[in-house]
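Fair warning: this is a prediction, and the values are worked out from it, not measured in the lab. Worth knowing before you read on, the calculation uses all heavy atoms, side chains too, and leaves out hydrogens, waters and symmetry mates. Position 1 is the first residue of the sequence, and the numbers go up from there. Just so you know, ligand 1 is whichever comes first in the structure, and atom 1 is the first atom listed for that ligand.
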Amino acid sequence: MFFDNERKQKERQYAAAGRLPPGQSLTLKWPVLHEGDIPRFDPATWDFQVRGLVQNPLRLTWQEFLKLPQVRIVADFHCVTTWSKFDNEWTGVSFRAIAEMVKPLPEARYVMVHADPGYTTNVPLDDLMRDNVLFATGHAPDPFTPEHGAPLRLVVPHLYAWKSAKWVRGLAFLDQDRAGYWERVGYHMYGDPFKEQRYHGQ
Ligand SMILES: Nc1nc2c(c(=O)[nH]1)N[C@H]1C(S)=C(S)[C@@H](COP(=O)(O)O)O[C@H]1N2
Ligand SMILES: [Mo]
C-alpha cells in the first residue's frame with residue numbers, strides 16, 4: 001500500500017513474530033531518556049563496586065573492567081513510554097562473569113543496581129543470571145555514546161528498559177527486594193513488558 005511506511009511494515013513483522021509487547025510501537029530511531037545530566041567519565045577515577053551479600057566484595061578500575069572476557073548478544077529493548085527498539089547488538093561483560101567473581105551468598109536473591117547520577121533500579125538475581133544479561137561497552141548498529149550510557153550500561157533485555165541502567169557503577173546484593181529510583185515512585189517492581197507490568201498494581 002502506498003501509504004504504508006517502513007516503520008509500520010516492520011512493526012507488523014515483529015508483532016507477527018510475537019516480539020512486540022502489548023501497548024508498544026516500533027521505533028527505527030534510538031530515543032534518549034534519563035533523569036539528570038549525562039555524567040562526566042574519568043577513566044582514572046571511575047570504578048565498579050560490588051557489595052552486600054557476596055563472598056568476595058569487589059572493586060574494579062576501568063582498566064581492570066576492560067580486561068574481563070567479552071560476550072555479544074542481540075536483543076530487543078522495550079521502554080515503558082511505549083517505544084521498542086529491535087535487534088540491538090550489545091557487546092560487553094556478562095553479568096554471570098561478575099557473579100562468578102563475587103560469589104553471591106545463598107541468601108542473596110535481589111540486586112540493587114547503582115548508577116550515575118544517583119540512579120538505582122532493582123532486579124531479582126535469577127533474572128540477572130540469564131544468558132543475555134550483560135554490562136555493555138558497545139552497541140551496533142548505532143554507536144554506544146555517553147547519552148546511551150557509555151562507558152558502561154547494564155542491559156536486561158527481558159524487562160522494561162528502566163531496568164537497563166546507564167552509567168552503571170556497582171551492585172548491592174540483597175536478601176529482600178527494595179524499590180529503586182522509578183520503582184519508588186510507582187513503577188512496577190519487576191517490569192515484564194509482555195505482561196505490561198508498567199506500574200505498581202499491574
Ligand atoms: N542512569 C540511568 N539509567 C537509566 C535511566 C536513567 O534515568 N538514569 N533511565 C532508564 C530509562 S527509563 C530508559 S527507557 C532507558 C533509556 O535508554 P536510552 O536513553 O539509551 O534509550 O535508560 C534507562 N537507564
Ligand atoms: Mo523508560
### Query
Hey, any chance Val71 and Val168 share a hydrophobic cluster, counting ILVMFWY side chains that come within less than 4.5 Å of each other, even indirectly?
no

### Every residue of the protein that comes under 4.0 Å of ligand 1, judged on heavy atoms
Trp30, Pro31, Val32, Leu33, His34, Glu35, Phe77, Cys79, Trp83, Ala115, Asp116, Tyr119, His148, Arg153, Ala161, Trp162, Ser164, Ala165, Lys166, Trp167

### Query
Which heavy-atom pair separates Arg59 from Gln49 by the least distance, and what is that distance?
CG-CG, 4.0 Å

### Query
Among all residues two or more places apart in sequence or in another chain, which pass the salt bridge (charged side-chain N to carboxylate O under 4.0 Å, His left out) test with Arg153?
none

### Query
Judged by modelled atom types alone, do Lys166 and His34 share a side-chain donor-acceptor pair under 3.5 Å?
yes

### Message
Suppose we screen for side chain to side chain donor-acceptor pair (under 3.5 Å). Which residues come up paired with Arg7, at least two apart in sequence or across chains?
### Response
Glu11

### Message
Listing request: all salt bridge (charged side-chain N to carboxylate O under 4.0 Å, His left out) pairs with a residue in residues 92-115, at least two apart in sequence or in separate chains.
### Response
Arg96-Asp131

